[in-house]
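Working notes, beginning with the structure itself.
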Amino acid sequence: MCVSMDQAEFSGTTLYAGRLHHAAHGLIHVLGYQNTAANLAVGPNAMLLHLPARQMSRENFISAGRGPDVLSRMVDAVRPVPAAGRGGMAWMGWDSGQRVEVFDHDIYTVLLATDPTLLESALIQVPLRRRPRLNPLLLEFYAAHYPGHSIAVCCFDNAEAERAKPLLMWYRPTAPDRLTLPALDCHTGEPPDLDADVPVDHWVLLGTDEAPEDWGETVDYPPGLRHQLRQYLPDTVMGSYFGGCSLPNGDFAITHDDLLAGDLDRIHRLRPRS
């Protein structure tokens, strides 16, 4: 239920998008992403995530630390909500030039760029056991359809695929009043088919620090959760499960106003520009 650099199967995807006013960073969005990966490639593989963010760096990635189950706890909080498959529905030290940052995060070696066409030249910095094959056509697809986005390529090897903690990151959004959860789908290493309907198996979870009283469901976080993680997590969440159906290929999105109103029927599929 995402885009991979080579043959793979992904299931049980959990997506979280939150909006909050952070004491140091100002108005930000927080993304949480987790799934079950089965790497079908002969060698290493990678997941690609596109984010409607201004410049990002490794400082935007949040360690799950002692909270490897924070997303599943959000799912537990909203699980009583009826499940539905809905149709139709500061700058962190980067310079102003285009470049790729390469760093380790949990089981991944991450390549982070605003220009996907630069990713191939940085691949040599990825350890060989995690270094996937990059399809130039896929990189050109992201450059054409997601200009102004940050692209994270999360490289992993076969042995590590099932041990991943949730990916958590914050960013300053280009569209602050719309929460977007990356869900573009293609598991072959080729560019996604934007005209296709794709099967979905997603929990979509949402939070905001502007939620009114009695909004959403309280999340039961584990005791001793580090402040470095807890400060980015919501007290309450809303969410829905999307599964057992196919939807147009694309991301999930909802406006902040609709989220505040608790109108999850307004979650819709967002498709990239042609």
Side-chain angles (χ1 to χ4, degrees), residues 1-3 13-22 25-35 46-62 71 89-92 94 96 98-101 105 110-119 138-154 166-186 191-192 194 202 204-210 232 234 239 242 247-260 264 266-274:
M1 303 303 165
C2 68
V3 176
T13 301
T14 301
L15 293 165
Y16 167 72
R19 184 180 188 266
L20 67 88
H21 297 79
H22 190 274
H25 308 312
L27 178 59
I28 62 173
H29 286 184
V30 178
L31 175 72
Y33 189 96
Q34 191 169 30
N35 59 24
M47 296 187 302
L48 285 84
L49 298 174
H50 53 280
L51 305 167
R54 296 175 184 151
Q55 297 280 19
M56 293 180 64
S57 79
R58 70 184 70 194
E59 302 298 329
N60 293 82
F61 281 67
I62 307 163
L71 294 186
M89 9 183 305
W91 188 261
M92 290 300 300
W94 266 26
S96 59
Q98 299 289 345
R99 69 184 185 93
V100 181
E101 187 170 7
H105 181 82
V110 179
L111 293 88
L112 188 62
T114 53
D115 182 353
T117 63
L118 299 179
L119 289 167
L138 182 57
L139 304 183
E140 291 169 8
F141 169 89
Y142 276 98
H145 294 284
Y146 290 97
H149 283 63
S150 294
I151 308 296
V153 180
C154 305
L167 278 167
L168 298 163
M169 62 198 80
W170 68 269
Y171 57 90
R172 294 188 177 93
T174 54
D177 296 323
R178 182 180 67 202
L179 287 87
T180 303
L181 304 96
L184 194 66
D185 191 85
C186 185
L194 297 180
H202 295 73
V204 173
L205 304 163
L206 301 154
T208 172
D209 65 351
E210 297 180 39
Y232 294 102
F242 294 81
L247 296 176
N249 207 355
D251 303 324
F252 291 101
I254 188 172
T255 68
H256 188 241
D257 285 345
D258 287 335
L259 179 59
L260 288 176
L264 298 192
R266 301 291 291 178
I267 296 174
H268 58 279
R269 293 289 261 185
L270 184 67
R271 310 185 73 174
R273 66 172 66 179
S274 300

Can a donor-acceptor pair be found, under 3.5 Å and without considering hydrogens, that links the side chain of D185 to the backbone of N249? no
What's the verdict on side chain to side chain contact (heavy atoms under 4.5 Å, CB included) for V3 and L49, showing C-alpha distance, side-chain angles and the deciding distance? CA-CA 7 Å; V3 176; L49 298 174; over 6 Å; no
When you check the side-chain N and O atoms of T255 and D257, is any donor under 3.5 Å from an acceptor? no
Under 3.5 Å, side chain of D258 to main-chain N/O of R266, donor-acceptor pair present? no
Walk me through it: do L264 and L259 pass the test side chain to side chain contact (heavy atoms under 4.5 Å, CB included)? CA-CA 7 Å; L264 298 192; L259 179 59; 4.3 Å; yes
Heavy-atom pair of closest approach, residues L179 and G207: CD2-O, 4.1 Å
Note, I28 side chain near L20 side chain (heavy atom, < 4.5 Å): yes
Can you tell me how the ring of H149 sits relative to the ring of Y146, calling it parallel under 30°, perpendicular over 60° and tilted otherwise? perpendicular
Hey, could you give me the CZ/CE distance between R58 and M169, rounded to the nearest 0.5 Å? 14.5 Å
Sort out for me which residue in C186, P192, P116 forms a side-chain contact (heavy atoms from CB on, under 4.5 Å) with L138. P192
Could you tell me if the side chain of P272 sits less than 4.5 Å from the side chain of Y142, heavy atoms only? no
Is the shortest heavy-atom distance from the side chain of L181 to the side chain of V204 under 4.5 Å? yes
The reported gap from SG in C2 to CE in M47 (rounded to nearest 0.5 angstrom) is 5.5 Å
Hey, what do you get for CD1 (I254) to OG1 (T180), rounding to the nearest 0.5 Å? 10.5 Å
If you round to the nearest 0.5 Å, how far is CG of L31 from CG of N60? 11.5 Å
V110 and H105: which non-hydrogen atoms are nearest, and at how many Å? CG2-CB, 4.2 Å
Within the structure provided, determine whether V100 and L112 are in side-chain contact (heavy-atom separation under 4.5 Å). no
Side-chain donor-acceptor contact under 3.5 Å, S150 with H50: no
Verdict with reasoning, T114 to I151, per side chain to side chain contact (heavy atoms under 4.5 Å, CB included): CA-CA 6 Å; T114 53; I151 308 296; over 6 Å; no
Of the non-hydrogen atoms in L119 and V153, which two are nearest, and what is the gap between them? CD1-CG2, 3.7 Å
Going by heavy atoms in the side chains, are F242 and T13 under 4.5 Å from each other? no
Check the angle between the aromatic planes of Y232 and W170 and answer parallel, tilted or perpendicular using the 30° and 60° thresholds. parallel
Can you tell me if H202 and N35 form a side-chain donor-acceptor pair at under 3.5 Å? no
Pairwise distance CG(L71) to CG(L167) - rounded to 0.5 angstrom: 9.5 Å
Would the distance check show the side chain of D209 and the main-chain N or O of P234 forming a donor-acceptor pair, the cut-off being under 3.5 Å? no
Could you tell me which non-hydrogen atom of Y171 sits nearest to which non-hydrogen atom of P52, and how far apart they are? CE1-O, 3.7 Å
Backbone of H29 reached by a side-chain donor or acceptor of R19 within 3.5 Å: no
Do you know the tightest heavy-atom contact between A183 and L15? CB-CD1, 4.2 Å
Verify side chain to side chain contact (heavy atoms under 4.5 Å, CB included) between D251 and R269, making sure each step is shown before the conclusion. CA-CA 5 Å; D251 303 324; R269 293 289 261 185; over 6 Å; no
Is the centre of the Y33 ring less than 6.0 Å from the centre of the Y16 ring? no
How long is the straight-line distance from CG of L27 back to NE2 of H21, given to the nearest 0.5 Å? 4.5 Å
